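This is a predicted model, so every value here is computed, not measured. Throughout, protein chains are lettered first and strands after them, A, B, ... in sequence-line order, and every chain is numbered starting at 1.
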Amino acid sequence: MPEFRLYNTMSRSVEPFAPADGETVRLYTCGPTVYNPAHLGNFRTFLFEDLLRRALRLRGWKVEQVMNLTDVDDKIIKRASEQGKSIREVTDPVVTIFHEDRKYLRIEDAEHYPRATAYIAEMIQLVERLIANGVAYLADDGSVYFAIGKFPAYGRLSRLDTREIQSGARVAQDDYSKENAQDFALWKAAKPEDEACGAAWDSPWGRGRPGWHLECSAMAMSILGETLDLHAGGIDLVFPHHEDEIAQSEAATGKPFARCWSHGEFLLTDGAKMAKRVGNVQNVADLRANGVSGAAVRHFVYSTHYRKQLNLAGEALEGSMEAVRRVADFAERLKDARGGTRGLEDAADHLENEVRNALFDDLNAPGAVAALFDFIRAANKELDAGGSDAGALSRAREVFAMVDGIFELVPDRVNADAAFAQWVEQQLEERKQARARRDFAAADAIRKGLEEKGVVIEDSAVGTKWKAR
RNA sequence: GGCGCCGUGGCCAAGUGGUAAGGCGGCAGACUGCAAAUCUGCUAUUCGUCGGUUCGAUUCCGACCGGCGCCUCCA
């Protein structure tokens, strides 16, 4: 089994990776803030993490993944206030949509999806530890802050040592009375609007709510233990989110918070970061409306390395839709095949090796996908040649299933309703008869009629197949 | 201003100190009654520009041009 190598943001280099106990990778991934459906940029990160967990399993490890759902934060409170709802009323529907979207993109279930509001007690305990350790303080405004000056390692992950506000940097908006502008809130004193929407809890420091960073540390350590094997997220979380997670976790436990940090790059739209503020977001609902399958999105995302910005532009998505059609046709063909050849078996062996090597080399998805397409061409060629080797065929099916079990590029079959399918079959029968009497004009007219209904047909020696397009 | 990333064919995009993966598209051919699917061949003498190191650089170094991201809302 080749060594698994992964880029570690902490060291800024590709390093060998293995879980501490040699068996189970304890993986924490920062999830969505559920005030609005996640957009494709968010999902690029979740797709990266999906591939990561599948690759780790391919390597032979178990994976225990936590993806948190941030269900209390400024934006949620703002929305709840505007709509006269509780935060729960705002977040519940969005959580439902998140999971639907996630399934559409075939992102596997993580083992845990903790909601921040379910871990308030753990967060309070963590803050108490930090206060006891002298690295957190209660300010005049009733909020508790982390004193970054008390944590010498602060800034190691992001390598942002100079914290002065420079020209060009965004200016911090100070809503709270901190001792140091760079200190971050662990616990925020409740404001009237927080109380109004159910975003306030009792604490030793009075009514309040958790700061954003606190939830991840509390949930990660509660569920996975004080030292994670791997912590992943979007590149923008490096600073301040992950920096602050490290500070508050390590200052509390005295142990390393994560053994490895992995960050996925952004999705751009026509060259600009996809973001609400830019106004260029697309979400899964938009894709569905345009007939873009989850499989096509996966192909698109996995065509670029996770540490490189990916530009949603040009005909890229259309290309992925077509590419995935090719994979689906091949899958069908492999399923229906009656036998294989020695060459088919060799191609399968080669594919398995290539995929392992690529994926274990810092998650080189493009390389693995390229190997898959090489295999499809080679296998189509072998299948064209016929062959009756049952062992070779089953080997090809096995490896293809393994690879597609990782990338999931075969789109869901659109199940035409029964009446429509019956109508299509009837048309095909009529066309068959027309062809039998060599009335090709009639046969072509039927085919044209089917195409107008979105049905593509393929004649072959064993009959005519059709598929909805 | 600080930190970092990127610039490869029409589009998306791998990769390596030794002469360019893969997908989409296009062109031609095989197969087909015609298609579709599939297969075959062709489609970057070249990897932003200019220098340098080297026997040799797209790959290393420097400068420049262009694009992007982070510097407490951020996947």
Side-chain angles (χ1 to χ4, degrees), chain A residues 12 29-33 38-49 73-75 158-174 181-185 212-213 232-241 243-244 263-268 271-277 299-300 303-305 307-327 329-330 332-333 354 358 364-374 376-377 380-381 383-385 435 438-441 443-444 447-448 451 456-461 464-467:
Chain A
R12 299 287 203 273
T29 50
C30 288
T33 298
H39 57 69
L40 262 193
N42 301 312
F43 275 113
R44 183 194 180 188
T45 296
F46 304 146
L47 245 10
F48 142 61
E49 293 157 351
D73 102 310
D74 293 354
K75 278 178 286 201
S158 57
R159 303 196 177 179
L160 291 171
D161 298 326
T162 310
R163 301 255 35 91
E164 292 90 35
I165 294 161
Q166 309 263 352
S167 65
R170 283 182 230 149
V171 179
Q173 309 165 339
D174 247 359
Q182 298 140 33
D183 291 348
F184 59 90
W212 173 39
H213 315 299
I235 189 78
D236 54 333
L237 296 185
V238 172
F239 187 88
H241 188 52
E243 199 70 74
D244 291 350
H263 293 94
E265 255 294 355
F266 278 130
L267 176 67
L268 312 181
K273 173 180 173 177
M274 180 181 282
K276 275 260 157 46
R277 58 181 355 225
H299 174 89
F300 173 64
S303 70
T304 303
H305 189 85
R307 284 194 287 114
K308 209 171 158 189
Q309 292 176 343
L310 169 61
N311 195 13
L312 178 55
E315 314 118 26
L317 259 186
E318 289 79 356
S320 288
M321 289 167 76
E322 188 57 26
V324 134
R325 193 233 82 227
R326 182 168 153 84
V327 179
D329 281 356
F330 173 75
E332 188 82 1
R333 188 174 189 197
E354 291 291 303
N364 183 356
V369 171
L372 173 62
F373 280 91
D374 283 339
I376 289 176
R377 187 183 316 99
N380 268 140
K381 196 173 175 178
L383 258 19
D384 280 349
R435 292 180 76 206
R438 303 193 67 77
D439 181 356
F440 295 120
D444 290 350
R447 180 169 64 202
K448 195 157 185 297
E451 279 169 5
V456 179
I457 64 179
E458 291 175 24
D459 293 325
S460 76
T464 299
K465 292 201 307 188
W466 66 277
K467 60 188 176 186

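Base pairing analysis places B/U45 opposite nothing; no Watson-Crick or G-U wobble pair with both distances below 3.5 Å involves it. In this entry B/G4 has B/C68 as its Watson-Crick or G-U wobble partner, both defining distances falling under 3.5 Å. In a base pair of the Watson-Crick type (N1 to N3 plus N6-O4 or O6-N4) or a G-U wobble (N1-O2 and O6-N3), with each distance short of 3.5 Å, B/C60 is matched with B/G52. When Watson-Crick and G-U wobble pairs are counted only if both distances are under 3.5 Å, B/U19 pairs with no nucleotide at all. The base-pairing partner of B/G29, taking Watson-Crick or G-U wobble contacts with both distances under 3.5 Å, is B/C39.
Between the C1' atoms of B/C39 and B/C31, the separation comes to 9 Å (whole Å). Of the C1' atoms belonging to B/G66 and B/G48, the separation is 7 Å, rounded to the nearest Å. Straight-line distance between the C1' atoms of B/A21 and B/C64: roughly 31 Å, to the nearest whole Å. For the C1' atom pair drawn from B/U54 and B/G41, the interatomic distance equals 38 Å after rounding to whole Å. Annotation: B/U49 and B/U38 have their C1' atoms spaced 44 Å apart (nearest Å). Nucleotides B/C42 and B/G4 have their C1' atoms positioned 41 Å apart, rounded to a whole Å. Annotation: B/A36 and B/U45 have their P atoms spaced 30 Å apart (nearest Å). B/C5 sits 28 Å from B/A20 when the P atoms are compared, rounded to a whole Å.
Heavy atoms of A/Asp374 sit under 4.0 angstrom from primed sugar atoms or phosphate atoms, though from no base atom. Looking at heavy-atom distances under 4.0 Å, A/His39 makes contact with a base. Residue-level contact check: A/Ala323 touches the backbone only, with heavy atoms under 4.0 Å from sugar-phosphate atoms and none from bases. As judged by a 4.0 angstrom heavy-atom cut-off over every strand, A/Gly271 is placed among residues touching the sugar-phosphate backbone only. Contacts of A/Met274 with the nucleic acid, taken as non-hydrogen atoms under 4.0 Å apart, include base atoms. Among the atoms of the strands shown, only primed sugar atoms or phosphate atoms (P, OP1, OP2) are found under 4.0 Å from some heavy atom of A/His305. Within the nucleic acid shown, A/Leu310 comes within 4.0 Å of sugar-phosphate atoms alone, with no base atom in reach, counting heavy atoms only. Nucleic acid contact for A/Ala370: base, since at least one base atom lies under 4.0 Å from a heavy atom of the residue.
Residue A/Glu265 contributes atom CD, which lies 18 Å from atom P of B/G67 at whole-angstrom precision. Between the NE2 atom of A/His213 and the C1' atom of B/U72 there is a distance of 7 Å, rounded to whole Å. Rounded to an integer number of Å, the gap from CZ of A/Phe266 to P of B/G4 is 18 Å. The interatomic distance linking A/Leu317 (CG) with B/G25 (C1') rounds to 15 Å, in whole Å. Atoms CG (A/Leu268) and P (B/C5) sit 16 Å apart, rounded to a whole Å. In this entry the distance linking CG of A/Asp73 with C1' of B/U72 reads 14 Å, nearest Å. Atom pair A/His263:NE2 and B/C5:C1' shows a separation of 15 Å (rounding to whole Å applied). In this structure, CG of A/Leu267 is placed 10 Å from P of B/A13, rounded to the nearest angstrom.
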(request) Walk me through it: do A/Leu383 and A/Phe330 pass the test side chain to side chain contact (heavy atoms under 4.5 Å, CB included)? (result) CA-CA 10 Å; A/Leu383 258 19; A/Phe330 173 75; 4.3 Å; yes
(request) Check the pair A/Arg325 / A/Lys467 against side chain to side chain contact (heavy atoms under 4.5 Å, CB included), numbers first and verdict last. (result) CA-CA 11 Å; A/Arg325 193 233 82 227; A/Lys467 60 188 176 186; 4.0 Å; yes
(request) Just do the side chain to side chain contact (heavy atoms under 4.5 Å, CB included) check on A/Thr45 and A/Phe266 with the steps written out, would you? (result) CA-CA 8 Å; A/Thr45 296; A/Phe266 278 130; over 6 Å; no
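A salt bridge does not link A/Glu451 to A/Lys448: none of the charged nitrogens lies less than 4.0 Å from a carboxylate oxygen. Classification of A/Asp444 and A/Arg447 as a salt-bridged pair holds, one side-chain N sitting under 4.0 Å from a carboxylate O.
The nearest heavy atom of RNA chain B to A/Val324 and to A/Asn364 marks one nucleotide each, and the one closer to the 5' end goes with A/Asn364. Judged by closest nucleotide on RNA chain B, A/Phe300 is the one of A/Asp236 and A/Phe300 placed further toward the 5' end.
Of the side-chain N and O atoms in A/Lys273, none sit less than 4.0 angstrom from OP1 or OP2 of B/A75.
The local environment of CZ in A/Arg12 is crowded, with over 12 non-hydrogen atoms from other residues, nucleotides or ligands closer than 6.0 Å. Heavy atoms from other residues, nucleotides or ligands lying under 6.0 Å from NZ of A/Lys381 number 12 at most.
With distances taken from any side-chain atom of A/Lys308 to the nucleotides B/C6, B/U72, B/A75, the minimum falls on B/C6.
The aromatic rings of A/His241 and A/His213 sit tilted, their planes meeting at an angle between 30° and 60°.
The side-chain hydrogen bond (donor to acceptor under 3.5 Å, both in side chains) check on A/Glu243 picks up A/Ser158, with sequence neighbours excluded.
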Throw together a table of side-chain donor-acceptor distances under 3.5 angstrom for residues 309-320 of chain A, partners on residues two or more places apart or in other chains.
{"residue": "A/Asn311", "atom": "OD1", "partner": "A/Asp270", "partner atom": "N", "Å": "3.1"}
{"residue": "A/Asn311", "atom": "OD1", "partner": "A/Gly271", "partner atom": "N", "Å": "2.9"}
{"residue": "A/Ser320", "atom": "OG", "partner": "A/Phe300", "partner atom": "N", "Å": "3.4"}
{"residue": "A/Ser320", "atom": "OG", "partner": "A/Ala316", "partner atom": "O", "Å": "3.4"}

(message) Within the 4.0 Å limit for protein heavy atoms, which parts of nucleotides 29-40 of chain B are touched? Write it as a string from 5' to 3', B for base, S for sugar-phosphate only, - for none.
(response) ----BBBBSSSS
